[in-house]
Amino acid sequence: MFAFIMRRLGTLFVILFGSSFILYNLTAISGDPTEQYKFATDTRAKQELAALIKQLDLNTPPPLRYFKWLKGILKGFTGHIDFGMTRTNEFVSTRLASAIPTTLRLVLTATIIAIILGIMLGITTALRQYSRFDYVVTFFSFLMFSLPIFWVAVLLKQFLAIKFNDFLANGHIPIGWALVLSIATGFFWAGIVGSKRKTFYRVLGIAFAANFALLEFFSITKWFATPKLGPIVVFIFALAIAYGVTAISVGLEDKKSLRATQTMAVVTLVMYYPVNYLFKHYSSFWLLVGLFAATLGTAWISGTFWAKIDRRPVIRTAMISGGLMGVIVIIDRLMQTWTPYLQMDGVNGRPIPTVGQNDPLLSNPDFWTNFLDRAVHLFLPTIALTLISFAGYIRYSRGTLLEVLNQDYIRTARAKGLSERTVIMRHAFRNTMIPLTTIIVVDLAGIIGGAIITERVFGWSGMGTLFNNAIQGLDLNLLMGVFFCTASLSVLANLVADLLYSALDPRIRVGSK
Amino acid sequence: MAFGRKKNTAEISQTDGGENAIANKEVEGLSQRQIVLRRFVRHRAAMISLFVLISVIVFVFTASEFHIGPIGWNGWWHYTTTDTPNLINCKNGAVGCPTLTITPGKGFGFGAHPFGQDDIGHDYFALVMRGAQRSLLVTFIIGIVAGTLGTVVGALAGFYRGTVDNVLMRFVDFLITIPSIIIGSVIGYHFGNLGATFLALYLGLFTWTGLSRLVRGEFLTLRERDFVDAARVAGASNRRIIFKHILPNAVGVIIVSVTLLMSAAILLETALSYLGFGVVEPDVSLGLLISKYQDSFTTRPWLFWYPGLFIITIALTINFIGDGLRDAFDPRQRRRITKKDRERATAIKKERKSL
C-alpha cells in the first residue's frame with residue numbers, strides 16, 4: 001500500500017512537471033507581450049520595452065524561463081512557495097488566495113446540490129425503468145447536457161431575477177401560473193410514486209390539490225414578501241423529516257429509530273425559542289458550528305437512549321434527521337431576515353440580483369443580513385450550475401444502479417425475503433455509490449478551475465476571472481499559478497479516487513500489480 | 001405497465017423461455033452489422049434525432065454560401081452576412097423583428113427576414129446560418145481529428161502494451177491534467193484569427209485523450225480473446241489482426257464516444273467563442289452571436305433565441321444519436337419487453353411444442 005502511494009506520488013510529480021512544461025511553452029510561444037512596441041521608434045517606448053523585457057525576463061528562452069519558474073514552485077518544499085509576480089506587480093499567491101474562496105463559495109453549493117439531486121433522481125428513474133417518468137427525466141437530462149451555460153444564464157436572469165423581483169412587488173400569483181406549476185408538481189410526484197394507474201391518478205390529484213392550495217395561500221397572504229414559518233410549521237417540517245428519513249433509512253417498522261427521530265423533532269420545537277435567542281444576540285459562524293455539533297450530540301444521545309442493541313443505524317438516522325431539522329431552523333431564521341432585507345437601501349424591494357458576489361451598498365450588515373445577502377447572490381449561479389451538471393449524475397447513477405440490480409447478490413437478497421427497501425438501500429444503493437464516489441471526488445477537485453464561463457456571466461471574480469485576465473494580458477506567471485492549483489488538485493483527486501475505490505470495494509487491490 | 005415499475009421478477013421468469021426465444025429469433029441468420037443496424041433503427045429517439053440533424057445540416061449548408069478551397073456554392077438565401085438592408089418596422093412598434101410564420105392555418109412563410117434583423121439591419125437568418133455552419137464544421141472536424149488520433153493512439157498502446165503503452169499513456173496523462181477549456185482558450189486566443197477550420201484542427205489535437213484511454217482498454221481485453229490467438233496461429237500479421245480482427249469489435253465503443261465527443265465539441269466551441277477565445281469577428285459563430293447580442297435580450301429577444309435554439313438542437317440530436325448507438329452496440333442492453341413481444345413469445349413456444 002505504502003509503496004503504491006509512493007509510486008503514484010512519483011508519477012504524479014512527473015505528470016505535473018510534464019504538463020506544466022507543455023503549457024508554459026505553449027503559452028509563451030503563442031503570444032508576444034512586446035507586440036505593441038514592435039514599430040515604436042521613440043526613446044520612451046524603447047525604455048518601456050526594455051523595462052518590460054527585464055520584468056518578464058524575455059531574453060531567457062521559454063524552456064529555460066520555465067525552470068526559473070519551477071525553482072520558485074519547488075521552494076514549496078521549504079514552506080515558502082513562490083509563484084512569482086503578475087504583470088501588474090502583485091504576488092500571484094495573494095491573487096490566488098483571494099480568488100479560491102470565492103470560487104469555492106460559487107461552485108461548492110451547486111456541486112453538492114447537483115450530486116444529491118442527481119443521485120436521487122437517477123435512483124428513482126432506475127427503479128421506474130422504462131416508465132414515462134423515466135423517459136421524461138432522460139429527455140430532460142439530455143437537454144441539460146446540451147445547454148450552453150451562458151445561454152441559460154441570460155434566461156435565468158430575465159425570468160428568475162427580473163420577473164421574480166417584479167412579482168415580489170405585489171406578491172400575487174396569477175392563476176394560470178399556479179395551475180401550470182401545480183400540474184407539473186402533480187405529474188412529478190405521481191411519476192415517482194404511482195405504480196398502478198389508480199395510484200398514479202390519486203397521487204396526481206392529491207399533489208395537484210395540495211400544491212394549488214399552497215400557492216393560493218401564498219398568493220393571498222403575500223407570503224413571498226413576508227415569508228415566515230414560526231415554531232409550529234418548523235415542528236411540522238421536523239416531524240415530516242423524522243418520518244421521511246426513518247422510512248428511507250431503516251423503514252417505519254423500526255420503532256426505535258422512529259422514537260429517536262421523533263425525539264429530535266420535539267427537541268427542535270422545545271429549543272426553537274432558546275436557539276433564536278442565541279441567534280439574535282450571539283450570532284456568528286462559530287455559533288452555527290457549535291449548534292450543529294450540539295444537534296449531532298443530541299441525536300447521538302437520543303439514539304443511544306432508545307436503542308439498546310444494534311445502535312448504529314438508529315444513531316445514524318437520528319443524526320441525519322437532526323441535521324436536516326437544523327437546516328429548517330436556519331431557513332426559518334433567514335426568512336425572518338427577509339423582510340428587513342427587502343427594505344434596505346441597496347436592495348429596494350428587488351432581492352434577487354443578476355450579477356455580483358455581494359451587495360456593496362449594504363451599510364454594515366449584521367451576521368444574518370450578510371448571510372442572506374450572500375445566499376441571494378448565489379441563487380442564480382447555483383441554479384445555472386446545478387442544471388448543467390446534475391444531468392451527468394442522473395445518467396450515471398441510473399446506469400450504475402441498473403447494472404447493480406442485475407447482479408446475483410440482489411437476486412439472493414430478494415430470495416431470502418428481505419424487504420424491497422432493504423434490498424435497494426442496503427444492497428443496491430451502497431454498491432452503486434462505489435463507482436459514483438470516485439467520480440464525485442474527481443468532480444470536486446475540478447470545481448476549483450471549473451466555472452470560467454459562469455464567473456464571467458454572473459460577474460464574480462474567482463479563479464476563472466484570474467485565468468481570463470491571465471490569458472488576455474499574456475500574464476504567464478498568473479496563468480501558471482492558476483494551472484498549478486487546478487492541475488495538482490486534479491491529479492491528487494485521481495489518486496484519492498483510486499485509494500477510495502479500493503477501500504470501498506474489497507475486490508480491488510491497489511497494492512498488487 | 002404504462003406508468004408502472006418494472007414487472008416483478010417472478011412474472012418475467014415465467015416468460016423466460018419465450019424471451020430467449022425472442023432474442024434468438026431476433027438475431028437468427030443476421031450479421032453483427034445487421035443486428036446493430038436493426039437495433040438502432042428501432043430506437044425511436046435516435047432515428048428522429050438523426051433525421052432532424054441531417055435536415056439541419058442540409059438546410060444550414062445550402063442556405064448560406066459555403067467555400068472550402070476551390071469547392072463551394074452560393075446559398076439560396078438572398079442576403080449575406082455583411083448586407084445591411086433597411087430595418088423593417090413591425091406592428092407593435094419594434095424594429096427588425098422576425099417575419100417567420102408557422103401557423104397551422106396560414107402555413108409556413110419566411111418573409112423578408114425570418115429571424116429578424118440586428119440593430120444595424122444585418123439579416124439575422126444569414127448570420128445564424130453562417131454561425132451554424134461554422135459550429136457544425138468545427139464539431140465534425142474535431143470529431144474526425146480527435147476520433148482518428150484517439151483510436152490510433154489507443155489501439156497502438158493497447159495492442160503493443162509494454163514500452164509503447166507506457167510512453168503513449170504518460171503523454172495522455174500530461175494532456176488530461178490540463179482542462180480542455182484552458183487548452184482551448186490558450187489555443188483559441190492565439191490561433192482563433194486563422195479561422196474556424198484551423199481552430200477546430202488545433203482543438204482536435206488536444207481533445208482525443210479520453211477516447212484513447214477507452215480504446216486502449218478495449219484493445220487490452222480484445223487482444224487476449226481466443227479469436228485473436230487463432231488468427232495469430234493462422235499466421236496473420238499484426239496489421240491484419242489489428243484491422244481485421246480487433247478493430248471491428250471495438251468499433252462500437254469508438255463510434256459512441258466520438259458522438260459524445262462531438263456533442264461536447266459544439267459546446268466547447270460556442271463557449272470559447274463566447275469568451276472571445278474561439279471564432280472571432282468578422283467570422284460568425286453561434287457562441288459569438290449570443291455573446292454579442294446577450295444584452296439586447298429585453299429589446300430584441302430573437303437575437304438571443306435563434307442561435308441558442310440551433311446550438312441546443314445540434315447538441316441534443318447528437319446526444320440522442322449517441323445514446324441510440326450505445327444501446328445498439330451494447331448486447332447487455334435488452335429492449336423493453338412489450339405486451340406484443342410476450343404474445344409473440346408464447347406463439348413461438350407453442351410452435352416449438354407442436355414440432
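Numbers restart at 1 for each chain; the letters A, B, ... are given by sequence-line order, proteins then strands. Not measured: the values here are computed from a predicted model.
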When the ring planes of Trp151(A) and Trp305(B) are compared, do they come out parallel, tilted or perpendicular, using 30° and 60° as the limits? perpendicular
Measure the spacing between [atom1] of [X] and [atom2] of [Y] and express it to the nearest 0.5 Å.
X	Y	atom1	atom2	answer
Leu143(A)	Asn319(B)	CG	CG	10.0 Å
Leu147(A)	Ile312(B)	CG	CD1	4.5 Å
Ser19(A)	Phe171(B)	OG	CZ	11.0 Å

Please lay out, stage by stage, how Phe150(A) and Thr270(B) fare under the test side chain to side chain contact (heavy atoms under 4.5 Å, CB included). CA-CA 9 Å; Phe150(A) 45 89; Thr270(B) 47; 3.9 Å; yes
Given heavy-atom pairs under 4.5 angstrom as the criterion, report whether the side chain, backbone, both or neither of [X] touches chain B.
X	answer
Ile22(A)	side chain
Phe139(A)	both
Ser20(A)	neither
Phe145(A)	both

For Arg421(A), what residues pass the salt bridge (Lys or Arg N to Asp or Glu O under 4.0 Å) criterion, not counting sequence neighbours? none
A quick test of your reading: do over 12 heavy atoms of other residues, nucleotides or ligands sit less than 6.0 Å from [atom1] of [X]?
X	atom1	value
Phe187(A)	CZ	no
Phe17(A)	CZ	yes
Tyr409(A)	OH	yes

Largest heavy-atom contact set with chain B, pairs under 4.5 Å, which of [options]:
options	answer
Asp134(A), Leu155(A), Ile149(A)	Leu155(A)
Ala487(A), Pro148(A), Ala153(A)	Pro148(A)
Asn468(A), Val491(A), Ile162(A)	Asn468(A)

Are Arg170(B) and Val14(A) packed together at the side-chain level, in the sense that at least one heavy-atom pair is separated by less than 4.5 angstrom? no
Heavy-atom side-chain contact between Met144(A) and Leu316(B) under 4.5 Å: no
Side chain, backbone, both or neither: which part of Ser263(B) has an atom under 4.5 Å from a heavy atom of chain A? neither
Please name the pair of heavy atoms, one in Asp323(B) and one in Arg395(A), separated by the smallest distance, quoted to 0.1 Å. OD1-NH2, 3.7 Å
